[in-house]
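See structure below.
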Amino acid sequence: MPEAVLRFEDKEIALPTEVGSEGEIAVDIGRLRAETGLITLDRGFANTAETRSAVSYIDGEKGILRYRGYPIEQLADRCSFLEVAYLLQYGELPTKAELEAYEESITRHTLLREDMKHLFEAFPHDAHPMQILASATSALATYYPDALDPLDEEAIDISSRRLIAKVPTMVAWSYKYRMGQPYVYPRNDLEYSSRFLHMMFSVPSEEYVPNEVIARALNVLFILHADHGQNCSASAVRLVGSGQANIFSSIAAGIHALSGPLHGGANQAVLEMLEDIVASGGDVSKTVARAKDKNDPFRLMGFGHRVYKNFDPRAQLIKKIAEDVLGQLGRHDPLLDVAMELEQVALSDDYFIERRLYPNVDFYSGIIYRAMGFPTDMFTVLFAIGRLPGWLSQWREQATDPKAMIFRPRQVYVGANARDVTPIDQRG
Ligand code: ACO
């Protein structure tokens with residue numbers, strides 16, 4: 001590959017380039033500071049690859065997302081969530097026997113230690129589910145001290161399986177605690193999504209049969225959220241893991257990162273925005289005007305993406321699922337009408353066209369979750385359940401990479417220059 005040349009004052013340095021399997025070229029600046037004394041400034045890492053990764057591929061211009069080479073459209077259509085979780089972590093789709101063994105091992109770990117119930121009960125009833133999930137995920141490390149070594153591949157494997165098995169149970173139990181209902185134990189004869197729905201919505205006083213339309217849609221939603229390159233939460237997982245913190249602490253960091261409204265928290269924010277529009281008479285033009293007003297920090301939630309600049313392939317699939325689920329459940333939701341109108345207005349408005357702002361994954365997902373019966377503040381934990389295999393795969397990729405380094409960015413210091421401390425009685 002040709003080198004890139006950087007010239008600065010009287011110095012010139014040739015920087016090697018590296019090409020990815022889809023032809024993306026990266027300039028390797030690893031020797032830049034040592035040879036020139038220069039550092040780079042790249043806010044939000046918008047141009048910086050921290051790592052090589054083989055987990056997922058995104059082409060933001062063409063609207064492509066693939067996991068380990070497979071288009072998400074095919075995975076969503078042909079696979080179960082656990083099949084995709086296996087693919088992301090181990091690199092290949094499982095055979096039938098491998099999938100059965102994997103599913104069996106996940107069902108062996110779905111229970112929580114009984115004393116973890118006290119943890120849920122220590123939170124206020126109105127605590128946000130993301131904070132509870134992050135805390136409970138951190139707490140898991142205290143129950144499995146023998147499986148925390150980040151350099152032990154067997155420990156990584158068992159901890160990853162425990163997390164995939166237990167996170168839905170933790171989410172459902174935090175909901176049961178909030179509702180004042182008895183905790184429902186995982187039924188291992190059900191598949192992953194149905195088991196989760198059963199833990200969430202069944203009560204001992206009556207029989208609960210998970211709805212197949214809802215379970216299948218949830219399975220697809222989990223798949224569509226399962227990985228997305230070096231996004232904010234995956235980078236948080238890698239950053240914490242780079243210091244060789246244990247996998248539970250690293251995943252808890254990812255959950256915290258996901259909770260922000262500019263990241264996974266946007267699905268909750270979208271629904272609240274749509275509810276506000278309906279409550280104030282359904283006029284979308286005021287909301288669009290606010291989003292365009294540079295004196296107003298408000299943004300159209302569920303619009304825009306750092307990488308996708310034409311369309312988000314997940315959003316297109318999710319819009320279709322929203323229509324199907326509402327249609328099949330025979331429900332009409334005025335929020336879906338408002339969302340479609342908002343999308344139409346925004347997509348024909350120069351402000352959004354010029355800035356290439358399109359609906360993202362979060363724009364329609366909340367409408368589906370609402371139709372399924374989930375409260376609004378649980379939408380982001382559903383995203384977390386889906387994203388978990390991606391976080392685990394990213395963490396594992398880093399933990400097993402002999403070239404991985406602790407994350408330690410530089411900074412351009414712009415603070416005060418050296419000065420002496422004035423005694424307190426002389427300051428004024
Ligand atoms: N509404 C109104 N204006 C917007 C929006 C929006 N949703 N998104 C970006 N813009 C504008 C910005 O004000 C800026 O305008 P300017 O050039 O006149 O200053 C321009 O578009 C570029 O915006 P940036 O913030 O620089 O774009 P960036 O790539 O850094 O941000 C982000 C991406 C954070 C997703 C942003 O589009 C946003 O805040 N969207 C709303 C929140 C959201 O939906 N987040 C979910 C993202 S998907 C995910 O994490 C799963």
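These numbers were taken from a predicted model, which means no experiment stands behind them. Just so you know, ligand 1 is whichever comes first in the structure, and atom 1 is the first atom listed for that ligand.
With ligand atoms numbered from 1 in the order given, ligand 1 contributes 2 (C) to contacts under 4.0 Å with heavy atoms of Ala291. For ligand 1 and Val361, the ligand atoms under 4.0 Å from any heavy atom of the residue are 51 (C). Less than 4.0 angstrom separates some heavy atom of Phe383 from each of these atoms of ligand 1: 51 (C). The ligand atoms of ligand 1 that sit less than 4.0 angstrom from a heavy atom of Gly302 are 43 (C), 44 (O). Below 4.0 Å from some heavy atom of Ala266 lie the following atoms of ligand 1, by number and element: 43 (C), 44 (O), 45 (N), 46 (C).
Nearest protein heavy-atom contact of atom 9 (C) of ligand 1 is Leu357 CD2, 3.5 Å. Here the heavy atom of the protein found nearest to atom 28 (P) of ligand 1 is Arg306 NE, 3.7 Å. Scanning the protein heavy atoms around atom 45 (N) of ligand 1, the nearest turns out to be Leu262 O, 3.2 Å. When only non-hydrogen protein atoms are considered, atom 11 (C) of ligand 1 lies nearest to Tyr351 OH, 3.6 Å. Looking at atom 42 (C) of ligand 1, its nearest protein heavy atom turns out to be Met301 CE, 3.4 Å. The closest protein non-hydrogen atom to atom 41 (C) of ligand 1 is Phe303 O, 3.4 Å. Protein heavy atom in closest approach to atom 7 (N) of ligand 1: Leu300 O, 2.8 Å. Closest to atom 35 (C) of ligand 1, if we only count protein heavy atoms, is Gly304 O, 3.6 Å.
With a heavy-atom cut-off of 4.0 Å, Val270 does not touch ligand 1 at all.
At least one N or O atom of His263, backbone or side chain, sits closer than 3.5 Å to an N or O atom of ligand 1. For ligand 1, the polar-atom distance check against Arg355 finds a nitrogen or oxygen pair separated by under 3.5 Å.
In this structure, Phe311 has its ring center no closer than 6.0 Å to that of Tyr358.
If you check each of Lys294, Arg299, Arg43 against atom 19 (O) of ligand 1, the one with the closest non-hydrogen atom is Lys294. The residue among Asp312, Asp362, Thr380 with a heavy atom at the shortest distance from atom 49 (C) of ligand 1 is Asp362.
Looking at Arg66 and Asp59, no side-chain N of the basic residue comes within less than 4.0 Å of a carboxylate O on the acidic one, giving no salt bridge.
Classification of the Tyr86-Tyr102 ring pair by plane angle, with boundaries at 30° and 60°, yields perpendicular.
Distance remark: protein heavy atom present below 4.0 angstrom from atom 15 (O) of ligand 1. At least one protein heavy atom sits closer than 4.0 Å to atom 47 (C) of ligand 1.
The shortest distance between side-chain heavy atoms of Ile321 and Val220 falls below 4.5 Å. Between Tyr192 and Ile164, the closest side-chain pair of non-hydrogen atoms falls below 4.5 Å.
Atoms OG and CD, from Ser174 and Gln131 in turn, are 11.5 Å apart once rounded to the nearest 0.5 Å.
Applying the salt bridge (Lys or Arg N to Asp or Glu O under 4.0 Å) test to residues at least two apart or on different chains, the pairs with a partner in residues 365-374 are Glu275-Arg370, Asp333-Arg370.
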